[in-house]
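Have a look at the structure that comes next, please.
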Amino acid sequence: MKTNIKIFASMLAAAAVMSLSSCSEDGFFDVKAPSAADETNVYSDYTLSEYAIFSIAETFGHTNNYRGRFLPWYGFNTDIEWYNGTNTTGKQLTQYDPTTNNTQMNLDNGPYNEMFVGIERANLAIEGLRAYGDVENRPEMAYLLGEALTLRAMIYYDLTKAWGDVPARFEPITSDNIFMAKTSRDTIYVQILKDLEEAIDYLYWPNESSQTATTDRVNKAFACGLYARIALAASGYALRPDDGMVGTGNIGSIRMTNEPQLQKSVLYPKALEYLQLAINSGTAHLVSSYRDLWYNFNNFDLTAGNEILYVIPFSDGRGRWNYTFAGSHESSPYIGTAASRGGDAGPVPSFYFKYEPQDVRRDISCINYDWVDDSQEPAGIDMWYFGKYRFEWMDAQPFGGGNDDGIKPVVMRYSDILLMAAEIANELGQTQVAKDYLLQVRRRAYTGNEAMAETYVAGLSSKDDIFNAIVDERALEFVGEFLRKADLIRWNMLKSKMDEAKADMNALANRTGKFSWLRQTGDIYYCYNEDGMGLTFWGFSQAEAETDPEGSQWILEEEYISPEHLESETIEAMYQRNPDERQFWPIFDITLTNGQGYLVNDYGY
């Protein structure tokens, strides 16, 4: 019975890419089933083994997995990102008050279940390649094994950051293990970190091989960064059940792990070594222009060896990234439909003011206008959008007018490698090393004003100064990329930083405290950019607030900033429950029922 299950599952894994022909990208997933389902035939043949690896990534495009549930819902609200128009209706996932019957997630094909489909396909590939791939003598087969190990580690990391403790399933399903209880995430972290150590040895660097010529395949630099990302989470703070109480309904507490293998003293030196391996390899680098980075992203640039290390490999007709996160469009020529697209989430309204005017990231990351027909209009002080994602930057427009736009979400960039290295080096007492890595990111942000970046970093005189600078820099660099929630959890700053953001927004709305410099009328001016691609605002900086703009092109927008336009109830709705008590989603009812009593929610659900 066990052998039959595995052979059948092996055949499904190798042929699964046929099931979603709409998810192919230039033939990436357009494959034929193997002529025989025998594991020896599948995993001794490179082409068939590669199909099995593709089948892991194929699950990302399933309707309610990464495409339509996990990516649109995980990662906000935070101190820098929120669901626009936040209120108390239908936003429980973002407001830290999910129920086990939540309509977005209580699905038999929801992301929790679909991620385990991906893990099962990875388990089959890993077992098959170890048994029949001759990985010791065939580097191309070793690469595939490394790719499967890395993808499994990534999926498991995403499971643990959303649900906390989940079943540890590292072998293919048999009739004996089809139902499993939750396992401490520490067990999972130990395994996937061990897996990545193995995988890094097998993988090619970006552009070292045909497999790693594009960013939709796993490479060594990404795996090095993923090791560090998981190490930081594993050794950091989080809501955890008491030791030995996982899966018993335990409420738990925010604390660090007691697992010896996951202490900072063990993981940080290894993580820094891997990050520096990636840095010193010279196989990736910061793109000199922050604008070009995101313009190219919106145009499906998958060229390896630049800044983006790995993307979710949606096909050009799959995925709902700009559909959800781009600036708001209503009947514009860039969306090919009379409907509305984009604008569901954005930076919290006060976040724009965290940037200095000389920081080139500000006007790329935070935009405050809507596209209506073929023009723009102010969106309102309460409605900011992620300018990194723009339909108007997609040259192949209109994209078709459907719900999918083909944008391939970034999983990791080289700037994250540098900032993780800075954080870890700082913790290890390597002050100058940390400052050097931080400066690389800061200098790019201050293109044309590099001396400002150098002065800023040189003035950081203590370990705490450097840490706090990194906390701020990660916000400025990665807003809209949804790394912040996991960062705040591991730093034990989730609620405190969200409360700071709420206070900032209330001060902004009332033009008090740090925003007392704003015009007390709340007025601003705006004009159209000469290229027809956006608005320029006057009055969002202290210098501009003290004078009126010159020229006839400026349009006055009265009382733009006021409590009526950024309501206190909207601000307070950032969270309905204490975020520190709801760091993780519950396992939802359908999955609990299908778990035959093996699965139990913790954390007070």
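Here the structure is a predicted model, which is why all the values come from computation and not from measurement.
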Report yes if some heavy atom in the side chain of I279 is under 4.5 Å from a heavy atom in the side chain of L418; otherwise report no.
yes
Given Y156, which of F170, W163, Y189 fulfils the ring pair (Phe, Tyr, Trp, His ring centres under 6.0 Å) condition?
F170
Under 4.0 Å between a side-chain nitrogen and a carboxylate oxygen: does that hold for D416 and R474?
yes
Just wondering, do I192 and R152 contact through their side chains at under 4.5 Å, heavy atoms?
no
With a 4.5 Å limit on heavy-atom distance, are the side chains of F584 and Y603 in contact?
yes
Which atom pair, heavy atoms only, marks the closest approach of A422 to L438?
CB-N, 4.0 Å
Does any part of the side chain of T215, heavy atoms only, come nearer than 4.5 Å to the side chain of Y310, both counted from C-beta?
no
Do D165 and R240 sit within salt-bridge range, that is, some charged N less than 4.0 Å from a carboxylate O?
no
Identified ring pair (Phe, Tyr, Trp, His ring centres under 6.0 Å) counterpart of Y66 within the set F482, F314, F60
F60
Does E473 come within less than 4.0 Å of R361, counting only side-chain N to carboxylate O?
yes
Can you tell if the side chain of M154 reaches within under 4.5 Å of the side chain of L226, non-hydrogen atoms only?
yes
With the threshold set at 4.0 Å, does a side-chain nitrogen-carboxylate oxygen contact exist between K502 and D79?
no
Salt-bridge present (E114, R69; N to O < 4.0 Å)
no
Non-hydrogen side-chain atoms of Y237 and W491 separated by less than 4.5 Å
no
